[in-house]
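Down below is the structure, laid out as C-alpha cells.
For reference, positions follow the sequence shown, starting with 1.
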Amino acid sequence: MKKSTLLFVCGLISCHGVAVAETCSQMNLTRCLDSVCAINVSSNPAARCQYCGTSSAGTPPTSSAMRSLSVGQSAKYVLSEKELKNAPTDPGQRYVWATKQCIEKVEGCTTDDVSNVYDKLIEQSCRAAGISAQMTATIATANTTKVSASSCLSTITACMIEEKRCGPDYSACEDEVSFNNFFSACSVEASGCDEYIADIRTSLSDERNTAIANADLLIEGIVKNYQLAREQKLVSAQASCKDDAALNSCIETICQRSMPNKCDVGYGSERATATLFCKFYELACDVLE
C-alpha cells in the first residue's frame with residue numbers, strides 16, 4: 001500500500017476528534033520576564049543575574065531612565081513602571097514575583113515554562129559577569145575558616161566537576177592527561193591545601209572511575225531495555241496477526257467510523273473498501289511470519 005494511503009488510514013483511526021491545547025508563547029514569556037529581570041540589559045550584561053539571579057552578582061546600577069520598551073515590543077506582555085514598584089529587591093524573591101506576574105499575563109504558561117525559558121538566560125548572565133553562584137559560598141567559607149581536608153576536598157571537587165572541566169559525570173576526563181591537567185589547575189586555585197593534595201587526587205580519581213563505570217552500565221541497561229521492548233512488540237504484533245485479529249479489527253473500525261452504512265448486510269462494497277484500506281495488515285503479517 002502507498003505511504004499516503006497508510007497515513008490517510010491512520011488519520012481516520014487515530015486523529016478523529018483530537019483537540020489542540022493552548023501552548024505557551026516563549027517569546028512573550030521572555031519579554032515579560034525581561035521587563036522585570038533585564039532592566040538596561042543592553043548596557044549591563046549582568047542585569048538578569050543581579051535582578052533575578054543572586055545577590056553575589058552585586059547591586060544593579062541605578063539609572064534615571066530605568067528601562068524602555070524595545071522597538072516592536074508589545075506593552076501587553078511587559079510590566080509597567082507602576083507595577084515594578086511592587087517588585088522585591090531580593091533576587092530570589094524577585095524571580096518568584098516575576099514568575100507569578102508573567103504566567104498571569106501570558107496565557108498558557110506555567111512555572112515549568114518559566115524555568116525552561118529563563119533559567120538558562122540567568123545562568124548566561126551570571127557567567128558573563130564572572131559570577132559563579134554555586135562556588136561563591138564554598139570559596140567564601142574556605143577563605144574565612146581554617147583550611148581542613150574536607151573543605152579542600154569540597155573546593156577542588158566543585159572546581160573539577162564544572163562543565164568547562166571534567167563535568168558532573170567526569171565524561172571530559174576519561175583520559176588521564178585531561179584529568180591531571182584539570183586537577184593541577186584546581187589545586188592551584190585551592191590555596192592552603194598542599195598537604196591534602198595527594199589524598200584528594202586519589203579520592204577524585206576513584207570517584208571518576210566509578211562515574212565512568214556507572215555510565216557504561218547505564219548505557220548497557222538502556223540497550224537491554226530497548227532490546228526487550230522490541231521483542232515484546234514483536235510478540236504482540238505476532239499475536240495480533242493470529243486468526244487475522246488485527247485485520248478484522250481494522251476493517252470493523254473503518255466500517256463503524258468512516259462508512260455511511262457501517263458495512264451492514266447489502267453494502268458489500270463498503271466492506272470491500274474497508275478491507276482494501278486495511279490490506280497493509282496482511283502484508284505486515286506475511287513479513288512477521
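A donor-acceptor pair shorter than 3.5 Å cannot be found between the side chains of N209 and Y170. At a cut-off of 3.5 Å, with distance as the only test, no side-chain donor of N28 or E107 sits close to an acceptor on the other residue. For the residue pair S154 / S151, no side-chain donor-acceptor distance below 3.5 Å is found, with atom types taken as modelled. Of the N and O atoms on the side chains of D113 and T110, at least one donor lies less than 3.5 Å from an acceptor on the other residue.
Atom CG of L121 sits about 12.0 Å away from atom SG of C49, to the nearest 0.5 Å. For the atom pair I251 CD1 and T275 OG1, the distance stands at 3.5 Å (nearest 0.5 Å). Between atom OH of residue Y77 and atom SG of residue C109 there is a gap of 9.5 Å, rounded to the nearest 0.5 Å. One distance of note links CD of E252 with SG of C278; it measures 9.5 Å at 0.5 Å rounding. Expressed to the nearest 0.5 Å, how far SG of C186 lies from CE of M160 amounts to 5.5 Å. For the atom pair L153 CG and L204 CG, the distance stands at 6.0 Å (nearest 0.5 Å).
Pairing each heavy atom of Q50 with each of T59, the nearest pair is NE2-O, 4.1 Å. The two residues Y51 and C37 come nearest to each other via the heavy atoms CB-O, 3.6 Å. Of all heavy-atom pairs spanning Y118 and A38, the tightest one is OH-CB, 4.0 Å. Nearest heavy atom pair, residue I39 against residue A47, reads O-CB, 3.6 Å.
At a threshold of 4.0 Å, the pair E176-R208 counts as salt-bridged, since one of the basic side-chain nitrogens sits closer than that to a carboxylate oxygen. Checked for salt-bridge contact, K120 and E123 miss the test: no charged N lies under 4.0 Å from a carboxylate O. Ion pairing between E270 and R257 fails under the 4.0 Å rule for side-chain N and carboxylate O.
Remark: side-chain polar atoms of S205 are not paired, donor with acceptor, to backbone N or O of R201 under 3.5 angstrom. With S125 contributing its side chain and P45 its backbone, the two residues share a donor-acceptor pair below 3.5 Å. Formation of a donor-acceptor pair under 3.5 Å by the N261 side chain with backbone atoms of D264 is not found in this model. Checked by atom type and distance alone, the side chain of D90 pairs as donor or acceptor with a backbone atom of G92 at under 3.5 Å. Using modelled atom types, no side-chain atom of R271 and backbone atom of C255 make a donor-acceptor pair closer than 3.5 Å. With hydrogens and angles disregarded, a donor-acceptor distance shorter than 3.5 Å links the side chain of E83 to the backbone of S80. At least one donor-acceptor pair under 3.5 Å links the side chain of T202 to the backbone N or O of A198. Between the side chain of R94 and the backbone N or O of P88, at least one donor-acceptor pair lies under 3.5 Å. Within the 3.5 Å criterion, the main-chain N or O of C152 finds no donor-acceptor partner in the side chain of T155.
Using a 4.5 Å cut-off on side-chain heavy atoms (C-beta onward), C24 and L29 make contact. Contact of the F179 side chain with the E174 side chain is not registered, since no non-hydrogen atoms from C-beta on lie closer than 4.5 Å.
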**OP:** List the steps, then state whether side chain to side chain contact (heavy atoms under 4.5 Å, CB included) holds for I197 with I156.
**Re:** CA-CA 9 Å; I197 291 299; I156 295 177; 3.8 Å; yes

Subject >> Pair S43-N40, side-chain hydrogen bond (donor to acceptor under 3.5 Å, both in side chains): steps then yes or no >> reply: CA-CA 6 Å; S43 59; N40 298 325; 5.2 Å; no

Original post:
When you look at C173 and F182, which way does the side chain to side chain contact (heavy atoms under 4.5 Å, CB included) test go after all the steps?
Top reply: CA-CA 8 Å; C173 287; F182 290 137; 3.4 Å; yes

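The number of heavy atoms from other shown groups lying within 6.0 Å of CD (Q256) is above 12. In K85, the NZ atom is not crowded: 12 or fewer heavy atoms of neighbouring residues, nucleotides or ligands sit closer than 6.0 Å.
V114 and V117 end up in the same hydrophobic cluster when Ile, Leu, Val, Met, Phe, Trp and Tyr side chains are linked at under 4.5 Å.
Applying the side-chain hydrogen bond (donor to acceptor under 3.5 Å, both in side chains) rule to S115 yields the partners D119; only residues at least two apart in sequence or on another chain are considered.
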Could you list the donor-acceptor pairs under 3.5 angstrom formed between side-chain atoms of residues 97-106 and any protein atom two or more places apart in sequence or on another chain?
{"unit_1": "T99", "atom_1": "OG1", "unit_2": "Y95", "atom_2": "O", "d": "2.9"}
{"unit_1": "K100", "atom_1": "NZ", "unit_2": "E104", "atom_2": "OE2", "d": "3.1"}

